[in-house]
Structures are given as structure tokens and as C-alpha cells.
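Everything below concerns the one structure shown next.
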Amino acid sequence: MSVEMIRGLYDYQRWANRRLFEVATALGEDLASRDVGQQFSYPTVRRMFGHLYGADRVWLSRWTGGALTTIPGAEFVTLASIRRPWDDLERDQRAFVESLAPADLEWVIEYRNMEGDCSRRRSGRCSSTWRTTPHITGARSPR
């Protein structure tokens with residue numbers, strides 16, 4: 001995987017997330033906060049967006065040497081409350097991705113997981129670290 005491909009995937013992820021967020025916002029806060037059942041990872045559309053935000057925040061923190069002790073996202077009580085923090089996250093994420101050089105794709109990322117245990121992930125071709133974005137965006141893209 002190349003730096004250009006990573007940048008393209010993150011550009012696509014930002015576009016897809018914004019598009020889905022626009023659709024969810026058009027539904028209104030009432031529908032976005034309605035329980036949709038246990039067939040999904042989170043019971044409401046709003047909470048699903050909180051999870052997307054939280055997962056991206058966790059990985060950016062890990063890539064930049066931070067250590068979060070909880071997964072962000074549950075604190076958002078409305079879709080509208082997610083937008084500003086997500087805009088800030090996208091700006092920080094874009095700056096990080098734009099700063100990548102080819103050698104960075106081979107680094108070993110060391111971080112503490114949510115339980116406080118030390119973890120290591122190789123960021124290179126065989127790692128799931130960079131495949132996270134294509135997996136997520138591929139799952140949301142039209143086939």
C-alpha cells in the first residue's frame with residue numbers, strides 16, 4: 001500500500017462519512033435517536049456515528065503517541081453535537097495522513113489498549129492498521 005493510496009482512502013472516508021452524516025441529519029434528531037434494535041453494533045443511528053468518531057479518535061491517538069483510556073463517542077446526545085468535534089478530528093487526521101512518508105508505512109506502533117495493556121502493531125503491508133480504513137469505507141460504499 002502506498003502513501004498516495006492511504007491519502008485517497010482517507011479522503012474517501014471523509015467524503016463518505018460526511019455524506020452519511022448529511023443523510024442521517026436529514027432524518028432528524030428523533031429518528032436518529034430511536035432504537036433500531038440489536039441487529040446493529042449500536043442501538044441508535046446517533047450512537048453509530050459516535051462510534052465512528054470514537055474509533056477514528058482512538059486510532060489517531062495511537063498513531064500520534066497518545067493513550068486514551070475510554071472510547072470517545074458515547075458522550076454525544078445529538079447528531080448536531082458530534083459535528084464540531086468530528087470536524088476537528090478530520091482536520092487532525094488529515095494533517096497526520098498528509099505528513100506520512102513511505103517509510104512511515106513500515107513503523108511499529110506501540111500503544112496502551114483500553115485495558116491498559118501494551119500493544120504493538122506493525123503499520124506495514126501485512127498489518128490491519130492501514131487496512132482499517134478500506135475495510136470501513138468498503139463496508140459503507142455502494143457495491
Side-chain angles (χ1 to χ4, degrees), residues 1 3-101 104-143:
M1 188 171 291
V3 170
E4 293 77 24
M5 181 179 282
I6 299 259
R7 289 178 183 147
L9 289 169
Y10 273 91
D11 285 344
Y12 177 79
Q13 176 178 317
R14 279 188 294 276
W15 171 84
N17 282 343
R18 284 186 174 273
R19 180 69 185 110
L20 289 172
F21 192 83
E22 290 168 4
V23 169
T25 301
L27 294 174
E29 291 290 348
D30 184 52
L31 283 177
S33 296
R34 188 176 295 165
D35 192 316
V36 294
Q38 297 302 315
Q39 69 272 25
F40 298 103
S41 300
Y42 291 91
T44 68
V45 170
R46 176 190 42 80
R47 190 58 190 96
M48 287 180 213
F49 279 102
H51 171 71
L52 293 173
Y53 166 84
D56 280 354
R57 175 58 69 195
V58 165
W59 277 108
L60 181 61
S61 175
R62 288 173 177 174
W63 294 334
T64 57
L68 298 177
T69 57
T70 60
I71 299 173
E75 69 274 18
F76 300 119
V77 295
T78 63
L79 280 176
S81 67
I82 298 172
R83 188 70 267 161
R84 189 171 194 187
W86 208 346
D87 289 342
D88 293 342
L89 171 60
E90 285 181 342
R91 184 191 63 244
D92 296 345
Q93 191 180 59
R94 181 185 304 261
F96 175 79
V97 170
E98 291 299 320
S99 75
L100 292 174
D104 294 328
L105 301 184
E106 297 301 324
W107 66 0
V108 174
I109 301 166
E110 296 183 7
Y111 61 92
R112 291 202 177 274
N113 63 22
M114 296 299 146
E115 290 78 36
D117 299 327
C118 289
S119 293
R120 295 171 52 104
R121 284 205 186 217
R122 186 168 179 266
S123 65
R125 189 180 315 272
C126 298
S127 170
S128 64
T129 303
W130 294 121
R131 289 185 301 192
T132 300
T133 295
H135 165 75
I136 293 169
T137 57
R140 288 189 255 159
S141 65
R143 302 222 191 267

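Keep in mind that the numbers below use all heavy atoms, side chains included, and drop hydrogens, waters and symmetry copies. Numbers for residues simply follow the sequence, beginning at 1.
- Every residue meeting the salt bridge (charged side-chain N to carboxylate O under 4.0 Å, His left out) condition with Asp30, not counting sequence neighbours, appears here in chain and number order: Arg34.
- You'll find the side chain of Asn113 reaches within 4.5 Å of the side chain of Arg62, heavy atoms only.
- Residues passing the salt bridge (charged side-chain N to carboxylate O under 4.0 Å, His left out) test with Arg18, sequence neighbours excluded: Asp87, Glu90.
- A cation-pi contact, defined as under 6.0 Å to the ring centre and within 45° of the axis, is absent between Arg46 and Phe76.
- In this structure, Phe49 and Ala24 approach most closely via the heavy-atom pair CE1-CB, 3.4 Å.
- Under the side-chain contact (heavy atoms from CB on, under 4.5 Å) criterion, Val77 pairs with no residue at all, not counting sequence neighbours.
- Looking at heavy atoms from C-beta onward, Leu9 lies out of side-chain contact with Ile6 at the 4.5 angstrom threshold.
- Judged purely by atom type and a 3.5 angstrom limit, Asp104 uses its side chain to pair as donor or acceptor with the backbone of Ala101.
- By the salt bridge (charged side-chain N to carboxylate O under 4.0 Å, His left out) test, Glu115 is found to be paired with no residue, residues two or more places apart in sequence or in another chain being considered.
- When every heavy atom of Thr44 is checked against every heavy atom of Ser33, the shortest pair comes out as CG2-O, 3.3 Å.
- Across Cys118 and Arg112, no two heavy atoms sit closer than the pair SG-NH1, 3.2 Å.
- When all heavy atoms of Tyr42 and Met48 are compared, the closest pair comes out as O-CE, 3.2 Å.
- With values rounded to the nearest 0.5 angstrom, Arg47 atom CZ is found 12.0 Å from Leu79 atom CG.
- Residues forming a salt bridge (charged side-chain N to carboxylate O under 4.0 Å, His left out) with Glu4 (at least two apart in sequence, or on another chain): none.
- By the side chain to side chain donor-acceptor pair (under 3.5 Å) test, Ser81 is found to be paired with Thr78, residues two or more places apart in sequence or in another chain being considered.
- Heavy-atom contacts from other residues, nucleotides or ligands closer than 6.0 Å to CD of Glu22 number more than 12.
- Looking only at side-chain heavy atoms (C-beta outward), Phe21 and Ile82 come within less than 4.5 Å of each other.
- By the side-chain contact (heavy atoms from CB on, under 4.5 Å) test, Ile71 pairs with Val58, Met114, sequence neighbours left out.
- Proximity of a side-chain donor or acceptor of Gln93 to a complementary backbone N or O of Trp59 within less than 3.5 Å is not detected.
- For the atom pair Asp56 CG and Tyr10 OH, the distance stands at 6.5 Å (nearest 0.5 Å).
- A search for side chain to side chain donor-acceptor pair (under 3.5 Å) contacts involving Arg84 returns nothing, not counting sequence neighbours.
- More than 12 non-hydrogen atoms from other residues, nucleotides or ligands lie less than 6.0 angstrom from CZ of Arg7.
- Heavy-atom minimum distance, Asp88 versus Arg57: C-NH2, 4.5 Å.
- Using modelled atom types, no side-chain atom of Glu98 and backbone atom of Phe96 make a donor-acceptor pair closer than 3.5 Å.
- With sequence neighbours left out, the side-chain contact (heavy atoms from CB on, under 4.5 Å) criterion links Glu110 to Val108, Arg120.
- When the side-chain contact (heavy atoms from CB on, under 4.5 Å) test is applied to Ser61, the partners found at least two apart in sequence or on another chain are Leu68.
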